[in-house]
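See below for the structure under consideration.
Keep in mind it's a predicted model, so treat the numbers as computed, not measured.
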Amino acid sequence: MLFKAENISKIYGSGASQVTALHRANLEIASGEFLSVMGPSGSGKSTLLHLLSGLDVPTEGRLSYDGQEIYKLRDRELSAFRRRRIGFIFQQFHLLPVLTARENILMPLLLDKGRVDNAYFDELTGILGICDRLEHLPHELSGGQQQQVAIARALIAKPDIIFADEPTGNLDSKSGAEVMRLLRDIWETMGKTLVVITHDDRIAKMAARRVVIMDGILSEEGAAR
C-alpha cells in the first residue's frame with residue numbers, strides 16, 4: 001500500500017457560519033493505480049486534493065504514505081516530501097515565461113539540487129511528444145504543449161504519486177483528449193500512480209477506478225473498464 005487516508009475532515013468557520021468541506025473521507029490507493037475523483041463544482045474536490053497531497057492540514061484524520069504520517073511532519077520536512085514524492089499537474093500551467101520548456105521541466109530538480117537523469121528526461125519528453133519544442137518559451141507553445149511541459153515537470157523528479165487537478169480545464173476538447181491520452185500512456189508505460197480530479201464524466205471513465213465526491217462525502221463508484 002502506497003497511500004492511506006483515514007477519516008479526514010476539513011471544517012471552515014464556527015457556529016452558524018461553519019462549513020464542512022470534507023467529511024470523514026477514507027481512501028486507499030495502491031502503487032500503480034489510476035484513480036479519478038469526480039464531482040461538481042463546490043463538492044469538495046479541491047479540498048480533498050489539498051489534503052491528500054499535503055498542501056493543507058485537515059481538521060481531523062490521518063494520512064500516511066508507506067506508513068509515514070505526513071501531517072506530523074514539520075513544514076520543511078513536508079515541503080521536501082512533496083518535492084520528492086508528489087507530482088502536481090494543475091488546470092493553470094504555471095510555467096515560468098522567461099524559461100524554455102527544458103528549463104521549466106528541470107526546475108524542480110534544480111530547486112532540490114537533484115541530478116538530471118538524461119535518459120529518463122529523453123524518455124519522458126519522447127512519450128509526451130515535445131522533444132522538438134524544448135528550446136521554446138511558453139508563449140511559443142500551444143495550450144496543449146504547455147500542459148505537456150507541465151506534465152513533464154511534474155514527473156521529472158520521479159514522484160511516487162501524481163495529482164492532476166482538472167488537467168484539461170484550460171484546453172479545447174481536442175487538446176484535452178490528447179493530454180488525457182498522454183497521462184494514460186504514462187500510467188501504463190511508466191507504472192506511475194495517478195489521481196485525476198475532474199468534473200467531467202468522460203475523463204473520469206478513463207481511469208481504472210473511480211470515486212465520487214458530493215457535498216464533502218467521498219464514495220466509491222467502481223471500476224470503469
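Note: the hydrophobic cluster containing L49 does not contain M214 (ILVMFWY, side chain heavy atoms under 4.5 Å, direct or indirect links). No continuous path of ILVMFWY side-chain contacts below 4.5 Å connects I89 to M38, so the two sit in separate hydrophobic clusters. Under a hydrophobic-cluster definition in which Ile, Leu, Val, Met, Phe, Trp and Tyr are linked whenever side-chain heavy atoms come within less than 4.5 Å, directly or via other members, I29 and I70 are assigned to the same cluster. Clustering ILVMFWY residues whenever any of their side-chain heavy atoms sit less than 4.5 angstrom apart, transitively, puts I11 in a cluster other than the one holding L63. Clustering ILVMFWY residues whenever any of their side-chain heavy atoms sit less than 4.5 angstrom apart, transitively, puts L27 in the very cluster that holds I161.
Between I162 and V195, every side-chain heavy-atom pair lies at or beyond the 4.5 Å cut-off. At a threshold of 4.5 Å between non-hydrogen side-chain atoms, the residues R153 and F93 do not count as touching. Side chains of R184 and M180 form no contact here, defined as non-hydrogen atoms less than 4.5 Å apart. Here the side chains of L73 and Q68 are in contact, with some heavy-atom distance below 4.5 Å. No side-chain heavy atom of F3 sits less than 4.5 Å from a side-chain heavy atom of T193. Counting heavy atoms from C-beta outward, V196 and L35 have side chains that stay 4.5 Å or more apart. Side-chain contact between T20 and S9 is absent, with no heavy-atom pair separated by less than 4.5 Å. Between F163 and L55 there is no side-chain heavy-atom pair separated by less than 4.5 Å.
Atom CG of L134 and atom CG of D122 lie 8.5 Å apart (nearest 0.5 Å). The CD atom of E28 lies 8.5 Å from the OG atom of S64; values are rounded to the nearest 0.5 Å. Separating the CZ atom in R202 from the OG atom in S173 is a distance of 7.5 Å, to the nearest 0.5 Å. Expressed to the nearest 0.5 Å, how far CD of Q145 lies from CG of L95 amounts to 11.5 Å. Of the inter-residue distances, the one linking S219 atom OG with R210 atom CZ reads 11.5 Å to the nearest 0.5 angstrom. A distance of 4.5 Å separates CE in M107 from CG in L99, rounded to the nearest 0.5 Å.
Considering I213, I217, D215, T59 in turn, I213 is the only one that fulfils the side-chain contact (heavy atoms from CB on, under 4.5 Å) rule with L22.
Not a single donor-acceptor pair under 3.5 Å links the side chain of E166 to the backbone N or O of Q91. Side chain of K192 to backbone of S31: no donor-acceptor contact under 3.5 angstrom is found. A donor-acceptor distance shorter than 3.5 angstrom exists from the side chain of Q147 to the backbone of F90, with no hydrogens or angles considered. A donor-acceptor distance shorter than 3.5 angstrom exists from the side chain of W187 to the backbone of G32, with no hydrogens or angles considered. Within the 3.5 Å criterion, the main-chain N or O of G176 finds no donor-acceptor partner in the side chain of T168. Here the side chain of R62 pairs no donor or acceptor atom with the backbone of E69 at under 3.5 angstrom. The backbone N or O of D200 lies less than 3.5 Å from a partner atom in the side chain of T198, making a donor-acceptor pair. At least one donor-acceptor pair under 3.5 Å links the side chain of K45 to the backbone N or O of P40. Panel note: side chain Y71, backbone L51; a donor-acceptor pair is recorded below 3.5 Å.
Closest heavy-atom contact between I86 and S53: CD1-O, 3.4 Å. Closest approach of G87 and P159 over heavy atoms only: N-CB, 3.5 Å. Heavy atoms only, all atoms of each residue included: S17 and S14 are closest at OG-O, 2.9 Å. The minimum heavy-atom distance between L171 and G144, with the atom names listed, is CD2-N, 3.6 Å. A pairwise comparison of heavy atoms in P167 and L183 identifies CG-CD1, 4.2 Å as the closest pair. Here the closest heavy-atom approach between residue F34 and residue M206 is recorded as CE2-O, 3.4 Å.
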Legend entry - Test side chain to side chain contact (heavy atoms under 4.5 Å, CB included) applied to L141 and I130, step by step: CA-CA 10 Å; L141 304 173; I130 52 174; over 6 Å; no

Inset, instruction - Report the C-alpha distance between M190 and I127 in whole Å, list the side-chain angles of each, state the deciding distance to 0.1 Å, and finish with yes or no for side chain to side chain contact (heavy atoms under 4.5 Å, CB included). - result: CA-CA 10 Å; M190 292 187 165; I127 290 172; 3.6 Å; yes

Inset, instruction - Before giving the answer on side chain to side chain contact (heavy atoms under 4.5 Å, CB included), spell out for D165 and S46 the whole-Å C-alpha distance, their side-chain angles and the decisive distance to 0.1 Å. - result: CA-CA 8 Å; D165 186 12; S46 294; 4.3 Å; yes

Inset, instruction - Could you please spell out the steps behind the side chain to side chain contact (heavy atoms under 4.5 Å, CB included) verdict for Q146 and V149? - result: CA-CA 5 Å; Q146 289 186 60; V149 171; 5.7 Å; no

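Shown here is H136, whose NE2 atom has more than 12 heavy atoms of other residues, nucleotides or ligands within 6.0 Å. Crowding of D132 atom CG: a count of heavy atoms from other residues, nucleotides or ligands under 6.0 Å exceeding 12.
For the side chain to side chain donor-acceptor pair (under 3.5 Å) test, no residue two or more places apart in sequence or in another chain qualifies with E140. When the side chain to side chain donor-acceptor pair (under 3.5 Å) test is applied to S175, the partners found at least two apart in sequence or on another chain are D172. Every residue meeting the side chain to side chain donor-acceptor pair (under 3.5 Å) condition with T100, not counting sequence neighbours, appears here in chain and number order: E103.
Judged by distance alone, the side chains of N170 and Q92 do bring a donor and an acceptor atom under 3.5 Å apart.
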